Amino acid sequence: MLWLEGNQPSGARPLAESGDSLPKQIREIAPKLSPGQYEKNFAEISPAMTRRQAAIEAARCLYCFDAPCIIACPTHIDVPSFIKKISTGNLKGSARVILEANILGHSCGRVCPTEVLCEGACVMHEKGEQPIEIGRLQRHSVDHVLDNAIQLFHAGAPNGKKVACIGAGPASLACAAELAKSGYQVTIFDRNELPGGLNTYGIAAYKLRANDAIREVGLVKHLGVKFEQKKEVGRDISFEFLEKTFDAIFIGVGLGETWALDLPGDNLRGVYGAIEFIEQTKSKPFADVQVGRRIACIGAGNTAIDVVTAARRLGAETVYLIYRRGEPEMPAFAYEYQLAKQDGVVFLWQTQPIRVLGEDGFVTGLECVRTNLGPPDSKGRRTPIPMPGTEFTIEVDMAVRAVGQKPVTEFLRAVKGIALNKDGTVQINDRHQTGNLQYFAGGDCTNGGKEVVDAVAEGMAAARGLDAALKNVPVGQER
Ligand SMILES: Cc1cc2nc3c(=O)[nH]c(=O)nc-3n(C[C@H](O)[C@H](O)[C@H](O)COP(=O)(O)OP(=O)(O)OC[C@H]3O[C@@H](n4cnc5c(N)ncnc54)[C@H](O)[C@@H]3O)c2cc1C
Ligand code: SF4
C-alpha cells in the first residue's frame with residue numbers, strides 16, 4: 001500500500017496547507033499528503049538501470065539478424081546495434097545510434113508502450129523468456145549523454161532556406177531537428193509557456209517529468225532551432241507572415257481538450273477535461289493540484305488510465321473508471337489497465353453516466369445506467385444499449401471526461417488549399433505535404449492521436465518530404 005501516508009485511516013490526516021489557498025473548485029478535496037509521499041507515489045515506474053544492470057541485460061540480447069524489434073519500432077532504431085554498444089561500454093556510440101534515428105529517444109525510452117512495439121516483437125517471447133528491456137536500455141544510453149552534456153550532433157552547413165514549425169511537441173521537434181541537421185534555419189512557434197507539447201504537459205508524471213522533457217528539448221536547441229513560446233499561430237502570428245518569411249511551414253499542432261459529455265450538469269464545478277486535469281499534475285507541485293475525495297473518470301482509453309492513476313496517487317480515496325462497454329472492449333493497453341488495477345481503481349463496466357448531480361454549483365454525484373451490448377458497429381465495437389430500470393447513483397466530488405480529444409485544426413481553414421478530414425485531421429500525401437504545397441503536417445493532428453514515437457517518425461518523414469519538395473526531387477525518389 002503506497003497511497004495513504006503511513007497507511008493511516010484517511011480521516012486522521014489534516015487538510016494540507018498549500019492547496020487550501022486556491023479557489024475552491026471541488027466540493028470535498030482529498031486530504032493532502034506530505035511532499036515525500038507525493039514523490040513516492042509519483043516515483044518513476046520504469047526506473048533507471050545501473051551500469052551493471054544494463055550490462056547484464058544487454059548481454060541477454062541475441063543480436064538477431066533482421067531483428068523484429070527494429071521493424072516494430074516506428075522510428076526503426078537499430079536496437080541490436082545500440083544494445084551491442086552498451087555491452088562493450090560504448091554508451092556515447094549507443095546513444096548516437098538511437099538519436100540518429102529518433103532525436104526524442106530519451107522520452108521514448110520512458111514513455112513508449114514497448115510491450116506492443118519493440119519489446120512485444122522480441123524473439124525472447126518465442127523462447128518463453130522475458131523480452132529484452134529495450135526501453136530501459138535506450139534510456140540508459142541517452143541519459144548518459146544528457147547527464148554529461150555530450151553534444152552528438154551539430155547544425156548542418158546553412159542552405160539558405162527557412163522553415164517554420166507550428167507547435168513544439170514531438171512531431172515538430174523531430175521535424176525541426178532533422179531539418180536543422182540538413183542546414184535549414186528553423187523557428188518553432190508554440191502557444192504554451194514551455195516547449196515539449198504533451199511530453200511536458202500531458203504524459204503521466206510517473207513516466208516522464210516536465211523537466212526531463214525540457215532537458216531533451218535542449219538537444220534540438222543545440223542544433224540552432226529557435227523557439228518562440230507563447231506565440232499562437234492564427235492569433236499572435238499570421239499565416240501571411242509565415243508564408244512571406246519562410247520557405248515552408250510544418251504543422252504539428254497535436255490535438256486539444258477532451259470532448260464534452262453533453263450531459264445535464266456537466267458545467268458544474270468539479271467537472272474537468274482529462275487534459276486539463278493531467279496538465280496540472282505536470283505543471284504544479286503535486287500538493288497544489290486539487291483532487292476530489294471521490295472521483296469518477298468517464299472513458300477507458302490510456303488517457304483515462306492516466307487520470308485515475310494520477311487521482312489515486314494524489315490521494316483520492318475512491319476512484320471510479322466508468323465505461324459503457326465491457327472489460328474486453330476496453331481500448332487502454334493491457335499494461336496501463338494493470339497499473340490502474342494495482343492502484344485500487346474501481347471499474348464500472350457496461351455503465352453509462354446520464355446526469356451529473358450537483359448541489360450549490362458543485363458536483364456531488366453521477367447518475368448512471370447499466371448497458372447491454374448489442375451487435376458490432378461499423379468499427380466492429382459492440383454497441384452499448386442503456387437498460388431502463390437499472391439506473392443508480394454514485395457519490396463523487398469530481399468527474400473527469402476522458403472520451404477522446406478534440407481536433408485543434410479549425411484555424412487552418414484560413415489557409416487556401418489545406419483540407420481537413422471529417423474528424424478534423426489534416427489531409428496529407430505520402431510526403432506529408434498538404435493541399436497547399438508550402439505546408440506540411442504530421443503527428444497527432446494528422447494521425448488522430450497515437451504515440452510519441454509515431455509523432456517523431458512522422459515529423460522526420462515530413463522533414464524528408466519537405467526537403468525533397470524544396471529540392472524538386474520527383475515523388476518516390478526521396479532519400
Ligand atoms: C494524457 C495523455 C497521455 C499520453 N501518454 C502517452 C504515453 O505514455 N506514451 C506515448 O508514447 N504517448 C502518449 N500520449 C500520446 C502523445 O503524447 C502524443 O501522441 C504526442 O505528444 C503527439 O505529438 P504532437 O507533436 O503531434 O502533438 P503535441 O504533443 O500535442 O504538441 C502540439 C503542440 O502544438 C501546440 N499548438 C497547438 N496549436 C497551436 C497554434 N495554433 N500555434 C502554436 N502552437 C500550437 C500545442 O500547444 C502543443 O505544444 C499521451 C497523450 C495524452 C493526451
Ligand atoms: S523508440 Fe520506443 S519503440 Fe522504438 S526501440 Fe525505442 S522504446 Fe522501442
Side-chain angles (χ1 to χ4, degrees), residues 67 69-70 72-79 82-83 98 101-102 104-122 132-139 142 164-175 188-204 206-208 213 228-237 251-258 274-275 277-279 281-282 301-307 310 333 335-336 402 404-405 408-412 441-459:
C69 49
I70 303 179
C73 169
T75 53
H76 306 305
I77 292 177
D78 189 341
V79 175
F82 92 69
I83 293 183
I98 296 162
N102 178 341
L104 299 197
H106 173 73
S107 52
C108 284
R110 288 166 151 86
V111 310
C112 272
T114 50
E115 47 297 319
V116 295
L117 296 172
C118 52
E119 293 176 20
C122 180
I132 306 297
E133 289 194 72
I134 299 169
R136 285 183 75 202
L137 285 172
Q138 177 170 315
R139 173 191 168 167
V142 184
C165 293
I166 313 177
S172 284
L173 292 171
C175 180
I188 294 183
F189 297 92
D190 187 83
R191 67 180 178 191
N192 288 334
E193 194 171 341
L194 298 168
L198 288 173
N199 270 359
T200 304
Y201 289 98
I203 290 177
Y206 50 76
K207 289 185 190 164
L208 182 68
E228 297 262 359
Q229 295 301 138
K230 289 169 106 175
K231 294 277 164 61
E232 182 171 330
V233 173
R235 196 189 65 180
D236 310 315
I237 305 284
I251 304 162
V253 293
L255 294 168
E257 234 320 325
T258 342
I275 310 298
F277 171 61
I278 292 168
E279 194 176 303
T281 66
K282 298 274 286 192
N302 294 318
T303 299
I305 300 290
D306 285 358
V307 169
F333 294 132
Y335 162 74
E336 300 275 346
Q405 291 173 261
V408 286
T409 46
E410 211 37 50
F411 78 116
L412 295 168
D444 278 3
C445 70
T446 55
N447 66 32
K450 286 187 175 176
E451 310 300 325
V452 171
V453 67
D454 298 290
V456 171
E458 292 172 23

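Read the numbers this way: they start at 1 and go in the same order the structure lists the ligands and their atoms. On a predicted model such as this, the values are computed, not experimentally measured, just so you know.
For the side chain to side chain contact (heavy atoms under 4.5 Å, CB included) test with Val408, the passing option among Val253, Asp444, Leu255 is Val253; the others fail. Checking each of Asn199, Leu173, Asn102 against Ser107 for a side chain to side chain contact (heavy atoms under 4.5 Å, CB included) leaves exactly one that passes, namely Asn199.
In Asn199, neither the side chain nor the backbone holds a heavy atom less than 4.0 Å from any atom of ligand 1. Counting heavy atoms under 4.0 Å from ligand 1, residue Phe411 touches it through the side chain alone. Only the backbone of Lys450 comes within contact range of ligand 1, with a heavy atom under 4.0 Å; no side-chain atom does. Within the 4.0 Å heavy-atom criterion, the part of Asp306 lying near ligand 1 is the side chain and not the backbone. At a heavy-atom distance under 4.0 Å, only side-chain atoms of Ala455, from C-beta outward, approach ligand 1. Counting heavy atoms closer than 4.0 Å to ligand 1, residue Ile278 contributes side-chain atoms (C-beta onward) but none from N, CA, C or O.
Taking atom 5 (N) of ligand 1 as the reference point, the nearest protein heavy-atom neighbour is Ile203 CG1, 3.5 Å. Nearest non-hydrogen protein atom to atom 48 (C) of ligand 1 is Asp190 OD1, 3.5 Å. Closest protein heavy atom to atom 23 (O) of ligand 1: Pro170 CD, 3.4 Å. Among all protein heavy atoms, the one lying closest to atom 8 (Fe) of ligand 2 is Cys118 SG, 2.2 Å. For atom 17 (O) of ligand 1, the nearest non-hydrogen atom of the protein is Leu198 CB, 3.4 Å. Of all protein heavy atoms, the one lying nearest to atom 34 (O) of ligand 1 is Gly167 CA, 3.2 Å. From the protein, the heavy atom lying nearest to atom 9 (N) of ligand 1 is Val111 O, 2.8 Å. From the protein, the heavy atom lying nearest to atom 27 (O) of ligand 1 is Gly254 CA, 3.4 Å. The protein heavy-atom contact nearest to atom 19 (O) of ligand 1 is Asp444 OD1, 2.9 Å.
Tyr206 places no side-chain N or O within 3.5 Å of a backbone atom of Ala310 that could act as its donor or acceptor partner. Proximity of a side-chain donor or acceptor of Glu458 to a complementary backbone N or O of Gly443 within less than 3.5 Å is detected. Between the Thr303 side chain and the Ala402 main chain, no donor and acceptor come within less than 3.5 Å of each other. Between the side chain of Asp190 and the backbone N or O of Lys231, no donor-acceptor pair lies under 3.5 Å. Between the side chain of Thr281 and the backbone N or O of Ile278 there is at least one donor-acceptor pair closer than 3.5 Å. Within the 3.5 Å criterion, the main-chain N or O of Ile134 finds a donor-acceptor partner in the side chain of Glu119.
Those atoms of ligand 2 with a heavy atom of Ile77 less than 4.0 angstrom away are 1 (S), 6 (Fe). Numbered from 1 in the order shown, with element, the atoms of ligand 2 that lie under 4.0 Å from a heavy atom of Asn102 read 1 (S). Here is the list of ligand 2 atoms found below 4.0 Å of a heavy atom in Leu117: 3 (S). For ligand 2, the atoms closer than 4.0 angstrom to any heavy atom of Thr114 are 7 (S). Within ligand 1, the atoms closer than 4.0 Å to a non-hydrogen atom of Ile275 are 53 (C), numbered from 1 in the order shown. Remark: ligand 1 atoms within the under-4.0 Å shell around heavy atoms of Phe189 are 43 (C), 44 (N).
The distance from the CG atom of Asn192 to the OH atom of Tyr201 is 4.5 Å, given to the nearest 0.5 Å.
Salt-bridge annotation for Glu133 and Arg139: absent, with no side-chain N of the basic residue lying under 4.0 Å from a carboxylate O of the acidic one.
The shortest separation from a heavy atom of Gln405 to ligand 1 is under 4.0 Å, placing the residue in contact. Heavy-atom distances between Gly252 and ligand 1 reach below 4.0 Å in at least one pair. Residue contact annotation: Arg235 has no non-hydrogen atom under 4.0 Å from ligand 1. Using a 4.0 angstrom heavy-atom cutoff, Asn302 does not count as in contact with ligand 1.
One of the N, O or S atoms belonging to Cys73 lies under 2.8 Å away from atom 4 (Fe) of ligand 2. For a distance bound of 2.8 Å, the N, O or S atoms of Cys112 include one lying that close to atom 2 (Fe) of ligand 2.
You'll find the side chain of Val79 stays beyond 4.5 Å of the side chain of Gln138, heavy atoms only.
The heavy atom nearest to atom 6 (Fe) of ligand 2, out of those in Gln138, Arg139, Arg136, is found in Gln138.
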